[in-house]
Amino acid sequence: MRILPLKWLRIRILKRNTLLFLLFWLSCWILINTFLFVHKSLFSDRCTDEESQKILARLCYDYTGGAVAGNLCEDICVTRKLVYKHCLYYHKGKKVMQAEWQGNSIILKSKNDALSKSQSPAFLDESEIQTLSDTELLVMVAVEVKNVLGLDLPNNTMMPVWNEKRKSRHWKAELASMWSLFEQEEYLLFNLLQDFSKHVLQVIGTCGQFYAVEFLTAGHSWKQNLFSLEEVVGQCNSGQKRMRALLEIAVSFLDMVHQFENEFSHRLHLCDIKPENFAIRSDLTVVAIDMDMAFFEPKMRNILEQNCTSNQDCNFFDCFSTCDLKTYKCGAQRENNNLQVICDKIFRRWFTGSIVRSTNSFPLQAELHKAVQQCAQSTNKQTPYSELYSLLRSSQEQLQKWSV
């Protein structure tokens, strides 16, 4: 009778050891996969000069092979007048590099490191490409722009007439390069807005899937002033000089907000507002230098209108709506706005934080402090723009009188 308990004891021990082994194996599997995921996240987008130069070498290989075209290709690949300096960052596949061209610093950008990674239309690989009419090409471009930006644009807005280009043996490369650029939302925004707004970067040229824009020094959250004022107005030795610059930049922010919300066919929403995504020109104009998270109203509504169980599900970076608990759908209408986020993330630092405390008292300081606080907590139903703009202008005028 004693054999039976011993047998059951062995079975229980065996089961326990088997369970422990399976748990150990599962823990190791989770640990290894977690390590691989973290390693891939940290190092797959690592920004190195070696990798950047390989990407440009591949671009030049495509150019010499007649696969890509653009007004900067010759200077990148043949004359070497466009000189690579260093890599700025790789993020989610997007490549950003700094270069020198015609004595000026410029930025090269692309969301793909090779043209082959672009989603080129099937007709580019067909012999019938030469038989496509301008009208057919314009329709295809309009459809692509609508897919990317959510906008219906006039046929002649984005694409030149191709009759002369068809005679060139590089016509197919030019069309493939153009298509790879039209897939990139930021390029389309810069290209579309540069003739209408001083608050976006100027596109200098292109080569294949890469586009070049002017170089401006981005802001930084860790800087006291958020932006390098010394680079645009010289040394700010006096508190009044620094405050005059900040007031002028604040007015430019408001000008940008007004234009983006009122002067285009659709409101332009900025969903990633932080100092790093803006720069200041020498005339103190604010420029949006990263517009990967900028959307016109039609696309913004599509992004926000998602399934939800709470308001938290309706947050899209700096753009959010509310959850309807009857339909469990997020509202398509954005609840906050560009000005509210700018007041919260930028103006608060200037007019209610350490900069004000470290600067001598300036005109309307208390009123401006209060207005910025109210603006940062405002909603779409409130309109603090006019009051804030008036206070900033009045502060400038009175500060000017103080310095006389």
Side-chain angles (χ1 to χ4, degrees), residues 45 89 91-94 96 109 111 145-151 183-194 196-197 199-201 213 216 218-221 226-227 250 252-279 286-308 310-324 329-349 375-385:
D45 284 346
Y89 66 85
H91 182 61
K92 295 182 179 179
K94 186 174 182 178
V96 182
K109 292 187 174 188
K111 74 172 186 178
V145 171
K146 185 172 178 61
N147 289 338
V148 176
L149 293 183
L151 293 181
E183 291 176 349
Q184 302 181 57
E185 192 160 0
E186 185 182 63
Y187 170 79
L188 281 177
L189 284 171
F190 286 153
N191 204 348
L192 181 65
L193 300 179
Q194 64 179 352
F196 303 99
S197 176
H199 298 292
V200 300
L201 288 175
V213 294
L216 294 172
H220 291 287
S221 298
L226 301 182
F227 299 95
S252 185
F253 264 112
L254 291 187
D255 289 339
M256 180 189 72
V257 166
H258 184 272
Q259 183 179 54
F260 285 4
E261 296 200 359
N262 299 284
E263 295 185 12
F264 304 139
S265 58
H266 295 283
R267 181 176 299 172
L268 182 61
H269 297 272
L270 305 178
C271 293
D272 190 14
I273 292 176
K274 56 187 179 184
E276 289 79 3
N277 288 342
F278 297 95
V286 172
V287 181
I289 62 174
D290 189 329
M291 300 188 75
D292 285 326
M293 298 292 288
F295 308 100
F296 284 108
E297 181 73 19
K299 188 163 185 177
M300 185 81 265
R301 296 179 70 86
N302 289 335
I303 291 172
L304 291 176
E305 200 171 22
Q306 303 296 325
N307 295 329
C308 64
S310 68
N311 286 340
Q312 192 68 28
D313 298 328
C314 303
N315 292 349
F316 184 77
F317 297 88
D318 289 327
C319 301
F320 62 81
S321 64
T322 54
C323 182
D324 186 336
K329 292 282 288 186
C330 296
Q333 181 69 39
R334 182 183 175 188
E335 291 294 324
N336 64 342
N337 54 60
N338 294 337
L339 178 58
Q340 182 265 323
V341 183
I342 288 172
C343 283
D344 184 35
K345 291 191 171 183
I346 296 177
F347 288 179
R348 236 195 245 264
R349 288 275 299 273
C375 172
Q377 299 167 9
S378 64
T379 65
N380 276 338
K381 296 178 181 179
Q382 299 168 307
T383 55
Y385 176 89

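Numbering of residues begins at 1 and proceeds along the displayed sequence.
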Quiz item: For the residue pair F253 and F278, does the interplanar ring angle fall in the parallel (under 30°), tilted (30 to 60°) or perpendicular (over 60°) class?
Solution: perpendicular
Between [X] (side chain only) and [Y] (backbone N and O only), is there a donor and an acceptor less than 3.5 Å apart?
| X | Y | result |
| --- | --- | --- |
| S252 | V286 | yes |
| N311 | C323 | yes |
| E261 | R267 | no |
| D318 | I273 | yes |
| E276 | S221 | yes |
| N338 | L270 | yes |

Q.
For V287 and L201: C-alpha separation, side-chain torsions, deciding distance, then whether side chain to side chain contact (heavy atoms under 4.5 Å, CB included) applies.
A. CA-CA 7 Å; V287 181; L201 288 175; 3.9 Å; yes
Would you mind reporting whether [Y] and [X] have side-chain heavy atoms less than 4.5 Å apart?
| X | Y | value |
| --- | --- | --- |
| F260 | H269 | no |
| V200 | L189 | no |
| L192 | V145 | no |
| R349 | I346 | no |
| M300 | C271 | yes |

Pair L268-M291, side chain to side chain contact (heavy atoms under 4.5 Å, CB included): steps then yes or no | CA-CA 10 Å; L268 182 61; M291 300 188 75; 3.7 Å; yes
For the atom pair [atom1] ([X]) and [atom2] ([Y]), what is the distance rounded to the nearest 0.5 Å?
| X | Y | atom1 | atom2 | result |
| --- | --- | --- | --- | --- |
| L193 | E263 | CG | CD | 11.5 Å |
| F317 | K274 | CZ | NZ | 9.0 Å |
| C330 | D324 | SG | CG | 9.5 Å |
| Y187 | K111 | OH | NZ | 14.0 Å |
| K146 | L151 | NZ | CG | 8.0 Å |
| N315 | T322 | CG | OG1 | 10.5 Å |

Partners of [X] by side chain to side chain contact (heavy atoms under 4.5 Å, CB included), sequence neighbours excluded?
| X | answer |
| --- | --- |
| C343 | L339, F347, C375, A376, L388 |
| Q306 | none |
| D255 | H199, V251, Y385, Y389 |
| N336 | F320, R334, Q340, V341 |

Hits for ring pair (Phe, Tyr, Trp, His ring centres under 6.0 Å) against F296, two or more places apart or cross-chain, chain-then-number order -> none
Verdict with reasoning, K329 to N307, per side chain to side chain contact (heavy atoms under 4.5 Å, CB included): CA-CA 4 Å; K329 292 282 288 186; N307 295 329; 3.2 Å; yes
In terms of heavy-atom contacts, F227 and G219 come closest through CD2-CA, 3.5 Å
So the salt bridge (charged side-chain N to carboxylate O under 4.0 Å, His left out) pairs with at least one residue in residues 289-299 (sequence neighbours excluded) are K94-D292, E185-K299, E297-R301
